[in-house]
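Presented below is the structure to which this report refers.
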Amino acid sequence: MIIRTLERAEHTARRVVTESWESTRLVLKGDGMGFSFHITTIHPGHEIPMCYRNHLESVFCMEGEGEVETVDDGQVHPIGPGTIYLLDRHDAHILRAHTRMRMACVFNPPLNGKEVHGADGAYPLEAEAVEDESALAS
Ligand code: 9YT
């Protein structure tokens, strides 16, 4: 069994910080679970275009208010606490955070550790893993 806490993981290389979001990746490919699990914060006022062509992602909103737009049909769906959206079709989408949003995200296949969005809004399938596994130690 593996046990970790978010509080400790935030002080390791599991925490990835960008201008518009930050994410602590509590479970990664190296854990052998077949998925990765992240606690992600979206900063207020940001609009993030994404399209995970290499991954399926589910996103459960725990806190905050925002919306997600599916690019193909322009539909806008409000997102708030208790709502989950499932990108089951590698959907191109735009997430807009009206307030600070806290999300629990699951990726299949799992992320290696250091992925950030490319220009196409995707994560590469075989991104660089965290070099020093001890940097992940929670
Ligand atoms: C909601 C979302 O997908 N944000 C981007 C960050 C992602 N969840 C991650 O890499 O942890």
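Just so it is clear, the values below take in all heavy atoms, side chains as well, and ignore hydrogens, waters and symmetry mates. In listed order, ligands and their atoms are each counted from 1.
Side-chain contact of Arg102 with Thr41: a donor-acceptor pair under 3.5 Å is present, judged by distance alone.
A donor-acceptor pair is defined here as one N or O able to donate and one able to accept, closer than 3.5 Å; no such pair exists between the side chain of Thr70 and the backbone of Asp72.
The protein non-hydrogen atom at the shortest distance from atom 7 (C) of ligand 1 is Tyr123 OH, 3.5 Å. From the protein, the heavy atom lying nearest to atom 3 (O) of ligand 1 is Glu57 OE2, 2.9 Å. Here the heavy atom of the protein found nearest to atom 8 (N) of ligand 1 is Thr40 OG1, 3.2 Å.
Taking all atoms of both residues into account, the shortest heavy-atom contact from Leu56 to Leu87 is CD2-O, 3.6 Å.
Here is the list of ligand 1 atoms found below 4.0 Å of a heavy atom in Ser23: 9 (C), 11 (O). Within ligand 1, the atoms closer than 4.0 Å to a non-hydrogen atom of Cys105 are 8 (N), numbered from 1 in the order shown. Against a heavy-atom cut-off of under 4.0 Å, Arg25 is close to the following atoms of ligand 1: 9 (C), 10 (O), 11 (O). Short contacts between ligand 1 and Tyr85, defined as distances under 4.0 Å to a heavy atom of the residue, involve ligand atoms 1 (C).
Salt-bridge check for Arg96 with Glu47: passed, with a basic side-chain N closer than 4.0 Å to an acidic carboxylate O.
Residue contacts with ligand 1, taken as heavy atom pairs separated by less than 4.0 Å, do not involve Met103 at all. Residue Tyr52 touches ligand 1 through its side chain alone, judged by heavy-atom distances below 4.0 Å.
Residues Trp21 and His46 are not in side-chain contact: their nearest non-hydrogen atoms beyond the backbone lie 4.5 Å or more apart. Put simply, the side chain of Met101 reaches to within 4.5 Å of the side chain of Ile79, judged on heavy atoms.
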